[in-house]
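First comes the structure, then the notes that go with it.
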Amino acid sequence: MVSVINLMSRGLDGALDRQQALADNLANIDTPNYKRKDVDFISVLREESEKSSSLSLKTTNERHIAGSKTEANSFKSLALRESNYRNDKNNVDVDVEMAEVAKNGVYYNTLAKQINDQFRILKDVISKGGSQ
């Protein structure tokens with residue numbers, strides 16, 4: 001259960017990084033030659049999810065028993081340079097950015113609710129001790 005909470009916590013971190021990139025895009029909407037940025041954290045989470053599904057040893061010291069180390073990957077920031085939305089070569093479209101901000105917000109709130117539910121389950125198990 002802890003690894004699920006850790007994975008969802010990483011998802012919140014990724015959504016926060018993405019929100020910052022989207023906010024930067026909106027802040028630079030009138031900056032000539034600015035290229036829109038985005039953060040690909042879903043693929044990193046997918047890789048971490050696949051790693052966590054197998055049994056592995058987590059080591060914190062080189063002298064520990066050898067096992068596969070689970071290290072958190074950093075999220076990939078992407079600068080999208082292929083398209084030009086306007087004549088000044090800025091490719092930020094306010095409608096696209098606002099839609100992505102809304103989508104990212106829903107994602108963030110859903111993850112936060114799921115983490116809250118996981119802690120509620122833990123609290124119930126601890127307080128009731130397995131009895132109903």
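These values consider heavy atoms only, across backbone and side chains, with no hydrogens, waters or symmetry-generated copies. For reference, positions follow the sequence shown, starting with 1.
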- Decide whether V106 and Y108 are clustered together by the hydrophobic rule: side chain heavy atoms of Ile, Leu, Val, Met, Phe, Trp, Tyr closer than 4.5 Å, transitively. no

- Flag side-chain contact, heavy atom, 4.5 Å: V94 against L26: yes

- Task: Flag the pair F41 / L12 as yes when at least one side-chain heavy-atom distance between them is below 4.5 Å, and no otherwise.
- Result: no

- Message: A side-chain contact here means heavy atoms from C-beta on lying under 4.5 Å apart; do D24 and Y34 qualify?
- Response: yes

- Query: To the nearest 0.5 Å, what is the distance between NZ (K35) and CG (N91)?
  - Reply: 5.0 Å

- Item | Sidechain-backbone polar pair: D17 side chain, D40 backbone, donor-acceptor under 3.5 Å | no

- Spell out, as yes or no, whether a donor-acceptor pair under 3.5 Å connects the side chain of N116 to the backbone of A112. no

- Compare all side-chain heavy atoms of V44 with those of R46 and state whether any distance is below 4.5 angstrom. no

- The single option from K37, E100, K103 that satisfies side chain to side chain contact (heavy atoms under 4.5 Å, CB included) with L22 is E100

- Message: Do L122 and I5 make a side-chain contact, defined as non-hydrogen atoms from C-beta onward lying under 4.5 Å apart?
- Response: yes

- Task: Could you tell me whether the side chain of N25 and the main chain of R36 form a donor-acceptor pair under 3.5 Å?
- Result: no

- Taking the side chain from N90 and the backbone from I29, do they hold a donor-acceptor pair closer than 3.5 Å? yes

